[in-house]
> 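Structure in C-alpha cells, see below.
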Amino acid sequence: MTKEIAMGLLDTLLGHAGEKSTDKVGDDFAPLLAPGETVQRAFGEIRDLIVFTDRRLILVDKQGVTGRKTEFLSLPYRSIVMFSLETAGHFDLESELRVWVSGQPAPITRHLGRSSGAEDIIALLAQNSPR
C-alpha cells in the first residue's frame, strides 16, 4: 500500500476526507442536477458532502447508522447572504462553517475536519456570491 493511499484511508477514518473527484460526484449527482448544470468542486467528510455547482451549493447529510437516509439541501448562491468559518485551534479537531440564507434567522452549520479544504470552501463561497 502506498503512503498516499494509507494517508487517504487514515484521513477518511478520522473525518478529514477533503476534496472529492468531480467526475465521480457529477455521475452520482446526475439525477439531481438541472439540464446543463455542472459540478465545479466537492468536499467530503466520511459520509457527508459539500458540492459546488455552477448554480448552487448542495449540502449532503447522510443520517443514521447505515447512511441510507440522506438529506440534500440545495442553496442557490443568490440566497446566501453571509457565511463564516471558525477555524480549528491547535487542540481542536474540526472547523465550523456557518451559512446564512435569506429568510432564515439561524445559520446552517456544518462541522469540517482539519484537512477538509475549509479555506477552499470559503473561497468558493466568496467567488460564487452574487455581485
> State, with a plain yes or no, whether a side-chain heavy atom of Pro107 is found less than 4.5 Å away from one of Phe83.
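Pro107 does not reach Phe83 side chain to side chain.
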> How close do Ala106 and Trp100 get, heavy atom to heavy atom, and via which atoms?
C-CD1, 4.4 Å
> Heavy atoms only: give me the nearest Arg55-Ala34 pair and the separation to one decimal.
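In this case the closest contact between Arg55 and Ala34 is NH1-CB, 3.3 Å.
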> Distance from Ser129 atom OG to Arg78 atom CZ, nearest 0.5 Å?
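Here the rounded value is 13.5 Å.
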> Parallel, tilted or perpendicular: which one describes the rings of Phe52 and Phe43, with boundaries at 30° and 60°?
perpendicular
> Tell me whether Glu71 is salt-bridged to Lys62, with the criterion being a basic N under 4.0 Å from an acidic carboxylate O.
no
> Please report the closest heavy-atom contact between Val25 and Ala42, naming both atoms and the distance.
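That would be CG2-CB, 3.8 Å.
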> Looking at every heavy atom in both Val39 and Gly26, which two are closest together, and how far apart are they?
CG2-CA, 3.8 Å
> Name the one of Val51, Val60, Asp61, Leu59 that satisfies side chain to side chain contact (heavy atoms under 4.5 Å, CB included) with Phe72?
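Exactly one candidate clears the test, Val60.
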> Distance-only, no hydrogens or angles: does the Gln127 side chain make a donor-acceptor pair with backbone N or O of Leu124 under 3.5 Å?
no
> Distance from Arg41 atom CZ to Asn128 atom CG, nearest 0.5 Å?
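The CG atom of Asn128 is 11.0 Å from CZ of Arg41, to the nearest 0.5 Å.
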> Ile58 and side chain to side chain contact (heavy atoms under 4.5 Å, CB included): which single residue from Leu32, Ile50, Thr53, Leu73 fits?
Thr53
> Have Ser74 and Arg56 got a donor and an acceptor in their side chains that come within less than 3.5 Å?
yes
> Kindly give the heavy-atom pair with the smallest separation between Gly44 and Leu49, and that separation in Å.
CA-CD2, 3.9 Å
> Any side-chain heavy atom of Leu85 sitting closer than 4.5 Å to one from Leu112?
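Yes, close enough: below the 4.5 Å cut-off.
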> Counting only heavy atoms not in Arg98 (residues, nucleotides, ligands), do more than 12 fall under 6.0 Å from its CZ?
yes
> Given Ile108, which of Val101, Ile80, Leu97, Leu57 fulfils the side chain to side chain contact (heavy atoms under 4.5 Å, CB included) condition?
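So, applying the side chain to side chain contact (heavy atoms under 4.5 Å, CB included) to Ile108 and each of Val101, Ile80, Leu97, Leu57, only Val101 qualifies.
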> In terms of side-chain geometry, is the basic nitrogen of Glu96 or Arg110 positioned less than 4.0 Å from the acidic oxygen of its partner?
no
> Counting N and O atoms only, with roles assigned by atom type, does the side chain of Asp54 sit under 3.5 Å from a partner on the main chain of Glu37, one being a donor and the other an acceptor?
no
